[in-house]
2 protein chains.
Amino acid sequence: MAKSAISNSVIRRLPRYYRFLGDLEANGYVRISSRELAEKMGLTASQIRQDFNCFGEFGQQGYGYNVTGLKAEIGKILGLDKQTPMILLGAGNLGRALASHIDFRNRGFDLIGVFDANPELVGKRIGELTVMSVADIEGFCKEHKPEAAILCIPREAAEKEVDRLISYGIRAFWNFTHYDLRVTHKDVAVENVHLGDSLTTLSYCINTSDE
Amino acid sequence: MAKSAISNSVIRRLPRYYRFLGDLEANGYVRISSRELAEKMGLTASQIRQDFNCFGEFGQQGYGYNVTGLKAEIGKILGLDKQTPMILLGAGNLGRALASHIDFRNRGFDLIGVFDANPELVGKRIGELTVMSVADIEGFCKEHKPEAAILCIPREAAEKEVDRLISYGIRAFWNFTHYDLRVTHKDVAVENVHLGDSLTTLSYCINTSDE
DNA sequence: ACCGCCTTGTTTAATTCTTGACAAACTTTG
DNA sequence: CAAAGTTTGTCAAGAATTAAACAAGGCGGT
């Protein structure tokens, strides 16, 4: 792929495009123009056309874009045509909620193992999986080769585990721990999720909108 | 406050500043320079100074910023010096996880009620709260005047409830439903959280970093 | 109390991102 | 089959964001 460098702004919009195209498809749309999509998404048509053009020419003049085709193209760009095996660390409230709430398969991942340090949780079932002890991680990784991990464990634990996980072959972290995970390894990806920050932003909006 | 218009980019960084300042404070830092903070946060010192200057002059030349003082100032900007009463709709996995995982008080909110449509969940306890029936929302709002709501319910339910909630006085939504909530009312704030999009972004990073 | 060093607040410049404009090309209709 | 109407891909202009530069002012050591 001769993508010189896709800007971060564009990348952040891709999942949203994918989501809207899925909705359109579900509602029976066969074709969509940039103008119409822009209206639905609250963007400009120009931006949409320019975003898509980073990756190729998916549309047809005079017609627009084929919804299913475009969705498939963007899905491929996002890597959703394959599934990266993933493990979950931390089977507390949040870990369990994610495991049952997220559609991993359609997001490019396959959740294959859940681990927790608390012996009381080990052995409990979460969906189709059984919680294992953190002591079993190494063996599990050797055998099943997961390449991504969700971190739903306390900060101290996360800071300790990350290097170990990388050495086991993990090269992507979805981090819900309350700190910004930063990794020096070149090809390890990190997505920090800060729900607290999101809520704080809402607080700001409330307290300034009406002045 | 004579803020002509704070850019969205700045606002999105504020909660992160607040978080880092809290960490610094906890680690015994009394003062911090923009240069040092920039290094810790992976930003430029220039950006930090410019961001803070949107709201006033919090630093001192030759010294830097007082950690506790700056944190308090940013907290005030974010509206964290007061607590907006908030209710949770949906006591499923995700709703319960948020209720127990999020430090509402330190994010400018106070969770005072939980509601669910499922009769089996009504009456169950979540932390210090008891799940109520959605039928009781109106009465509860009239009595306790919540001004914010978390949406952890299915899309169809959310689309139906939102207008009703606004009419009851809710003017901020933290939306975890799988669609972009858009509200026409002028002073209703919405923060859409798409965990799926976040995970999808991670998929993209994995599948493009190593080419 | 003075001098040198450091750091802010602010101005200016560079870069990035977004929007507008338009020719080329396809679709649809008569 | 031709003409009218759309819509894309792309280029160029305009905003917005980020980074660099620097004068002014306070701190700390002597």
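Here is how names work: the chains are called A, B, and so on, in the same order as the sequence lines, proteins then strands, and each is numbered from 1.
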Next item on the list: Starting at atom CD1 of A:I48, determine the distance to atom P of D:dT8, rounded to an integer number of angstrom.
Entry: 9 Å
Next item on the list: Could you check how far CZ of A:F58 sits from P of D:dT10, rounded to whole Å?
Entry: 12 Å
Notebook entry, point to check: In whole Å, what is the span from the CD atom of A:E36 to the P atom of D:dT6?
Noted result: 14 Å
Next item on the list: Mind running salt bridge (charged side-chain N to carboxylate O under 4.0 Å, His left out) on B:E156 and B:K160 for me, showing each step along the way?
Entry: CA-CA 6 Å; B:E156 303 74 35; B:K160 244 186 297 185; over 6 Å; no
Next item on the list: Would you sort out whether A:D23 and B:Y179 count as a side chain to side chain donor-acceptor pair (under 3.5 Å), showing the intermediate values?
Entry: CA-CA 9 Å; A:D23 283 359; B:Y179 81 110; over 6 Å; no
Next item on the list: Return no unless some side-chain N or O of A:Y65 is found under 4.0 Å from OP1 or OP2 of D:dG9.
Entry: yes
Note to self: Closest approach to the side chain of A:E57, judged atom by atom: which nucleotide of D:dT8, D:dA19, D:dT10 is it?
What the structure shows: D:dT10
Check: How long is the line joining CG of B:L37 and P of C:dG9, in whole Å?
Finding: 13 Å
Checklist line | N or O in side chain of A:R35 less than 4.0 angstrom from D:dT7 OP1/OP2 | finding: yes
Next item on the list: Please state whether the phosphate of D:dT8, meaning OP1 or OP2, lies under 4.0 angstrom from any side-chain nitrogen or oxygen of A:N53.
Entry: no
Next item on the list: For the residue pair B:H178 and A:H101, categorise the inter-ring angle as parallel (less than 30°), tilted (30 to 60°) or perpendicular (more than 60°).
Entry: parallel
Margin query: Under 4.0 Å from OP1 or OP2 of D:dA16: is there any side-chain N or O of B:S7 that close?
Written below: no
Next item on the list: Check if the side chain of B:Q50 and the base of D:dA19 share a donor-acceptor pair of N or O atoms closer than 3.5 Å.
Entry: yes
Notebook entry, point to check: So does A:Q61 reach the base of D:dT8 with its side chain, donor to acceptor, closer than 3.5 Å?
Noted result: yes
Next item on the list: Return the value, rounded to whole Å, for the distance between atom OH of B:Y63 and atom P of C:dG9.
Entry: 13 Å
Notebook entry, point to check: Across the strands shown, which category fits A:F52 at heavy-atom distances under 4.0 angstrom: base, sugar-phosphate, nothing?
Noted result: nothing
Next item on the list: Between A:N8 and B:Q60, just flag the one whose closest nucleotide in DNA chain C comes earlier from the 5' side.
Entry: B:Q60
Notebook entry, point to check: Within less than 4.0 Å of OP1 or OP2 of D:dG28, is there a side-chain N or O belonging to B:R31?
Noted result: yes
Check: Could you state the CG-C1' distance from A:L70 to D:dT8, rounded to the nearest angstrom?
Finding: 13 Å
Checklist line | d(CG, B:N66; P, D:dC27) in whole Å | finding: 12 Å
Notebook entry, point to check: At under 4.0 Å, does any side-chain N or O of A:S34 touch on OP1 or OP2 of D:dT7?
Noted result: no
Check: Do B:E147 and B:T84 meet the criterion of a side-chain donor-acceptor pair at a distance under 3.5 Å?
Finding: no
Check: Can you tell me if the side-chain N/O atoms of A:R49 get under 4.0 Å from OP1 or OP2 in D:dG9?
Finding: no
Next item on the list: State whether B:D180 and A:R16 are salt-bridged, where the test is any N-O pair (Lys NZ or Arg NE/NH1/NH2 against Asp/Glu carboxylate O) under 4.0 Å.
Entry: yes
Notebook entry, point to check: With distance as the sole test, does A:D116 use its side chain to make a donor-acceptor pair with the main-chain N or O of A:A91 at under 3.5 Å?
Noted result: yes
Note to self: If you compare every side-chain N and O of A:R12 against the phosphate oxygens of C:dC17 (OP1, OP2), does one of them come in below 4.0 Å?
What the structure shows: no
Margin query: Quick check on C:dT18: is either OP1 or OP2 less than 4.0 Å from any side-chain nitrogen or oxygen of A:S46?
Written below: no
Notebook entry, point to check: Just how far, in rounded Å, is C1' of C:dG9 from CG of B:D51?
Noted result: 13 Å
